[in-house]
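Encoded as structure tokens, the structure appears first; notes follow it.
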Amino acid sequence: MSFRLASAAFMFSRLIVSLLLTTGLASVTSAQSLLSSGESKPDGGRPKSTQVGFFELMESGGDAMLDWFKPAGHQPSVESPEYDSQASPRDTVMTFLEAMNHVVQGRLEPFSRATDCLPDTTDQKEQVARDLFRVFDRLPEITPGLLPGEKTVEQEKTSRYELFPRGIENAWAYDALGEAPQGRIVLVHQDGRWIFSPNTAEGVDKLLDSMKDIPPRTQKQREGQLFLSVVEPTFQKTATSDWLLALTWALGGIACGWLIYKLVNHLIDKRENSGDDLITPMLTSLMIPAVILVTVFGFAIGSAKIYMHPVLSNFRWNVIEAAIVLAGVYMLVSVIELMCLGVRRSFFNNTDPYARMMSLVVRRSLRVIATIVLLLFVFQNVFKWNVAALIGGFSIVALALSLAAQDAVKNLFGALTIFANRPFLDGDWVKFDREIGEVQDVSLQVTRIRLLSGEILSVPNMKFIDNPVENLSMRKYLRRMMDVQITYDTPPQKVDEAISILQDILTSDDIVSDGQSDLEAHPPKVWFDRFGAYYLNLRADYWYMMDRESNRVQRDTERGWFSYLDHATRVNRMVLERFNEAGIDFAFPTQSVYLTDDPDRNLTIQTRQLQEAF
């Protein structure tokens, strides 16, 4: 489903790009293409090189930078060639061209490497090699990165590769010659190596004769030349006014996007303050695509007057299409999120915490899946990368990541356990690892708990699989065990009176109503508990209910720990007032000291000396 959404977004981007092209925003770039004909050109309209991908351009840029640090004469030599293999079409073609470059400069030693690239049945191999090289001189400069390498032919299981006319751009040749060239350049896999096909070797003289009207190009070293030939014209052929215009449009697009962002956020804040929770998600879902489209529109208009080599022009449009695809996918995902929100509100109570949490999880998961599908789709269809080969090439890295991501996978399963078993929900008060706090957020990796002290405790979800967690918000009642300690000199009658006072307080209408107690199901209990070190302990047990009628849990009511504390304060105050009125003293830590001459307590002191005296 997500891939179909990405496909729809890609078609939407194509439509936008087509509209931009028809309005003439890219007319200058198109007119400056080297493929445009109509003028007499000394090279027959031949492109400077074969079509180049972005990474090939970056490779050439790196070569150009390395040239600054290479010592003079540091080029592949006859004895140590850069290419000397026939393992793939790329290796064979580049081995042939490098060897023939040495041959035309008067060094005949590498001639054998060039002729080895021809079929063994070829007559007059040297002449065929020279003619084939003259044909290559009339083609654009061959870029190794565009030729299939050894891994590519193994993965695609191919045994034939047509280099010309299919493998490279050929429209210019038809325009220059007025007819199709008479022949082909094909490589075939034979006896474990790649060579030029017998038909290519036999028909090379006809192919060369049909292309004689195209003048040969000047030979030059490849390192850095591709990058310079692509980038230099952009600065040489673009006027200063066009650069300023491009900068103005780009900054204007960014400024408009920023204004839209601020305006929508202002409307969202205003709606939230007024209690409108329906229009807010809609504004949020439309804001980001609008910002992307406005910014990209400014970039597209501004860059239209800048001269660009076809490589840069293609990359420019790839970036624009990728941005539009991103905006379209984001909008579609936002629409689906709004649908999820509508379904939740239609079929579930808006105050249902579990429905809210599951809706949030579905929306987050949808964003992650859509992001992955979007990236793969853009790499495959916009930038023309071989995603399968890219993933296969990173198999070792993927294995290392899988080993390193064990905790992440455990946390994901922990999140699934939380969603399935529901030990707690957002907003619940929990006790975990001797800490008490309110659950703020349950994500796919961690659960965030706001502690009573104010800090945020981030707990990995895998911790909740093996460790117990107490959900305080699932309580239906709180049982209070209250100890009232009175002094030892309290007479028995007063003890009975104290028990009666406690029983009367806990069954009073005020306390029963505030605690929503059910005296039949949970009557309070008061008794003389024990003799303490300095006190007589009276024990009272009673229940503070979260809901009297439906017996709901704390999460579903307005009552909780803090309302319980208010209730306990009311009970303690009534106990203090009634005990003071009855003259019953509360005990506190004391120690009694008796004197020998106390007339109320006769003490007999006998010592050994007194016994001996008598």
Side-chain angles (χ1 to χ4, degrees), residues 428-438 451-453 468-548 551-555 557-594 600-601:
D428 282 359
W429 284 86
V430 297
K431 183 177 182 181
F432 178 77
D433 196 19
R434 295 180 293 181
E435 296 284 355
I436 296 178
E438 180 183 5
L451 302 180
L452 287 173
S453 54
V469 55
E470 298 180 36
N471 190 335
L472 306 181
S473 294
M474 288 294 290
R475 297 179 292 200
K476 294 183 178 180
Y477 56 80
L478 282 168
R479 179 189 178 190
R480 186 184 183 192
M481 296 177 291
M482 181 172 61
D483 292 320
V484 180
Q485 299 168 354
I486 58 179
T487 60
Y488 255 104
D489 55 4
T490 304
Q493 298 80 5
K494 286 291 185 181
V495 173
D496 293 338
E497 184 179 359
I499 294 176
S500 177
I501 291 174
L502 291 174
Q503 190 75 28
D504 184 54
I505 292 174
L506 298 179
T507 56
S508 64
D509 294 339
D510 186 22
I511 298 302
V512 171
S513 176
D514 185 67
Q516 298 186 0
S517 305
D518 186 353
L519 297 182
E520 295 182 2
H522 301 285
K525 302 291 185 181
V526 183
W527 67 93
F528 184 0
D529 183 43
R530 67 182 183 275
F531 296 93
Y534 55 86
Y535 57 86
L536 304 176
N537 191 75
L538 305 181
R539 176 71 174 270
D541 286 5
Y542 69 96
W543 283 260
Y544 176 81
M545 310 300 295
M546 296 302 166
D547 185 79
R548 176 188 298 174
N551 203 21
R552 293 180 299 172
V553 297
Q554 174 181 322
R555 177 196 302 139
T557 68
E558 298 297 328
R559 300 159 69 84
W561 176 253
F562 296 108
S563 63
Y564 163 76
L565 294 180
D566 294 336
H567 174 78
T569 299
R570 179 176 297 186
V571 172
N572 293 342
R573 183 180 179 84
M574 294 182 67
V575 171
L576 179 62
E577 291 176 352
R578 295 286 298 276
F579 273 38
N580 287 339
E581 292 175 359
I584 301 174
D585 296 330
F586 293 96
F588 54 90
T590 57
Q591 184 176 10
S592 299
V593 178
Y594 299 103
D600 295 331
R601 298 181 182 275

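These numbers come from a predicted model, not from an experiment. This chain uses plain numbering: 1 for the first residue, then up along the sequence.
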[Y] and [X], any side-chain heavy atoms less than 4.5 Å apart:
X      : Y      : value
Phe586 : Tyr535 : no
Pro524 : Thr507 : yes
Ile501 : Val575 : no
Phe528 : Asp496 : no
Trp429 : Asn471 : no

If only side-chain N and O atoms count, and only distance matters, is there a donor-acceptor pair under 3.5 Å linking Ser563 with Tyr544?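 On atom types as modelled, these side chains qualify, holding a pair under 3.5 Å.
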Decide whether Thr487 and Asp489 meet the rule of one side-chain donor and one side-chain acceptor closer than 3.5 Å.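 Checked: Thr487/Asp489 side chains pair up, N/O donor to acceptor below 3.5 Å.
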Has Thr557 got a side-chain atom pairing as donor or acceptor with Arg559's backbone, closer than 3.5 angstrom?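 Confirmed, Thr557 side chain pairs with Arg559 backbone.
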Mind checking the CG-CD1 spacing from Leu538 to Ile486? Nearest 0.5 Å is all I need.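 Answer rounded to 0.5 Å: 4.5 Å.
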Can you tell me how far NZ of Lys525 sits from CG of Leu502, rounded to the nearest 0.5 angstrom?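 Reported value, rounded in 0.5 Å steps: 15.0 Å.
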In terms of side-chain geometry, is the basic nitrogen of [X] or [Y] positioned less than 4.0 Å from the acidic oxygen of its partner?
X      : Y      : result
Glu577 : Arg573 : yes
Arg480 : Asp541 : no
Asp514 : Arg570 : yes

Distance-minimising heavy-atom pair for Gln516 and Met545: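 Scanning both residues completely, I find the closest heavy atoms to be O-CG, 3.1 Å.
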Quick check, are the ring centers of Tyr542 and His522 under 6.0 angstrom apart?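 Distance test on ring centres: not under 6.0 Å, no.
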